[in-house]
2 protein chains.
Amino acid sequence: MAVASAIAPSERAAMFGLLADPLRLRIVELLAGEELCTCHLIAETGAKQTTISHHLRILREAGAVTAAEDGRFTWYRLTPHLLDALAASLAELAEGAERAGRQRVPCAP
Amino acid sequence: MAVASAIAPSERAAMFGLLADPLRLRIVELLAGEELCTCHLIAETGAKQTTISHHLRILREAGAVTAAEDGRFTWYRLTPHLLDALAASLAELAEGAERAGRQRVPCAP
DNA sequence: AGCTGATATCAAGTCACGTTGATGTGATAG
DNA sequence: CTATCACATCAACGTGACTTGATATCAGCT
C-alpha cells in the first residue's frame, strides 16, 4: 500500500504548504544542518523579529521544528519526520510519473 | 554542491506551492500513473470544470504537466522533472535534519 | 528593584489565491 | 448547417495568508 495515502490529501497539501513560503523554506533550510536560535534566523534572513516568530510558530505547530528554551534564547531544531513523509510522498509521485502508461482510458462511457 | 540550490529559494517555494493546494495535489496524484483527460479529472474530483481548468493551467505553466490535444479532448500527463527536483530538494533537507549538529553557534558576538 | 535584550502574542492592513458563473472557441455529431 | 460537447478564458467575489507595529512576558545583568 502506498505510504503517502496514510494521510489525508488536504493534510499532505498543508505539509507542502509549509515549504511554499520563501521565508519559511529559507528558515527550514537554515535549520537543516544546525540548531539555531531566533536571533540567528532574524540576522540571516533580514526579516522582522515578529515575522520570524510567526513562521516559527507555524512550523512548530505543524511539528516541523522543535523549540528548546534556554534562558532568554529559544533554540530551534528541524524534525526529520515531516520531511521524511513528504519525501516519501514525492517519491511515489515521481515514480508514478515515470511509469505513467501511455494508454488512455476511454473518455465518454 | 547542493542540487537544490541551483534554483532560487522563491522558485523552489513556488514549486512546493504547486502541491500546497488539496485539489491540485489530488490532480497530480491522479495523473501519476496514467494519462487523463480533463473530463476524468472533473469526474473524479467532483470539482467544477472551470476550477479544474484553472489548476491545470497553473500546473501547465509551471511545467508540471504537459497537455496533448486530441479532437475535443485534452490529455494531460505528469512530467517527472519537477517532481524529481522537489524530491532532491527534500532529500537534502531531510538528510540535513538527521545530521543536524547539537552544538550551538554563539548567539551574541 | 530597575533596566535591557530576546521572544511571543495581538490587532490590523494588504494582497494573493481559489472558486465560480458567464462567455468564447473549436471540434464532432446529426 | 446547427446543435452539442470539451475545454479555455474572463471578471468578480470572498477568504485566508504574510507582514508589521504595538504590546506583553520573561530572563539576566547592574
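Per chain, numbering begins at 1; letters A, B, ... match sequence-line order. Since the model is a prediction, treat every value here as computed from it, not as a measurement.
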Have a look at B:Thr74 and say if it touches a base, only the backbone sugar-phosphate, or nothing, with a 4.0 Å heavy-atom cut-off. sugar-phosphate

Kindly indicate whether the side chain of B:Thr50 and the base of C:dT19 share any N or O donor-acceptor pair separated by less than 3.5 Å? no

Nucleotide nearest A:His54 when distance is taken to its side chain, options D:dG21, D:dA8, D:dT19: D:dT19

Contact under 4.0 Å: A:Arg24 side-chain N or O vs D:dC18 OP1/OP2: yes

Please figure out whether A:Leu23 or A:Arg72 has its closest DNA chain D nucleotide nearer the 5' end. A:Leu23

Toward the 5' end of DNA chain D, by each residue's nearest nucleotide, B:Leu56 or A:Lys48: B:Leu56

Any A:Tyr76 side-chain N or O less than 4.0 Å from OP1/OP2 of C:dT7: no

Heavy atoms only: give me the nearest A:Arg60-A:Ala67 pair and the separation to one decimal. CD-CB, 4.2 Å

B:Glu61, CD atom: more than 12 neighbouring heavy atoms under 6.0 Å: yes

Between A:Asp70 and B:Arg104, does any side-chain N to carboxylate O distance fall below 4.0 Å? yes

B:Phe73 side chain, from C-beta outward: closest of C:dT7, D:dC7, C:dA8: D:dC7

Classify the side chain of A:Gln49 versus the base of C:dA6 as yes if they form a donor-acceptor pair under 3.5 Å and no if they do not. no

Looking across every strand, which nucleic acid part, if any, lies under 4.0 Å from B:Thr51 by heavy atom: base, sugar-phosphate, or nothing? base

With sugar-phosphate meaning primed atoms plus P, OP1 and OP2, does A:Thr38 contact a base, only sugar-phosphate, or nothing at under 4.0 Å between heavy atoms? sugar-phosphate

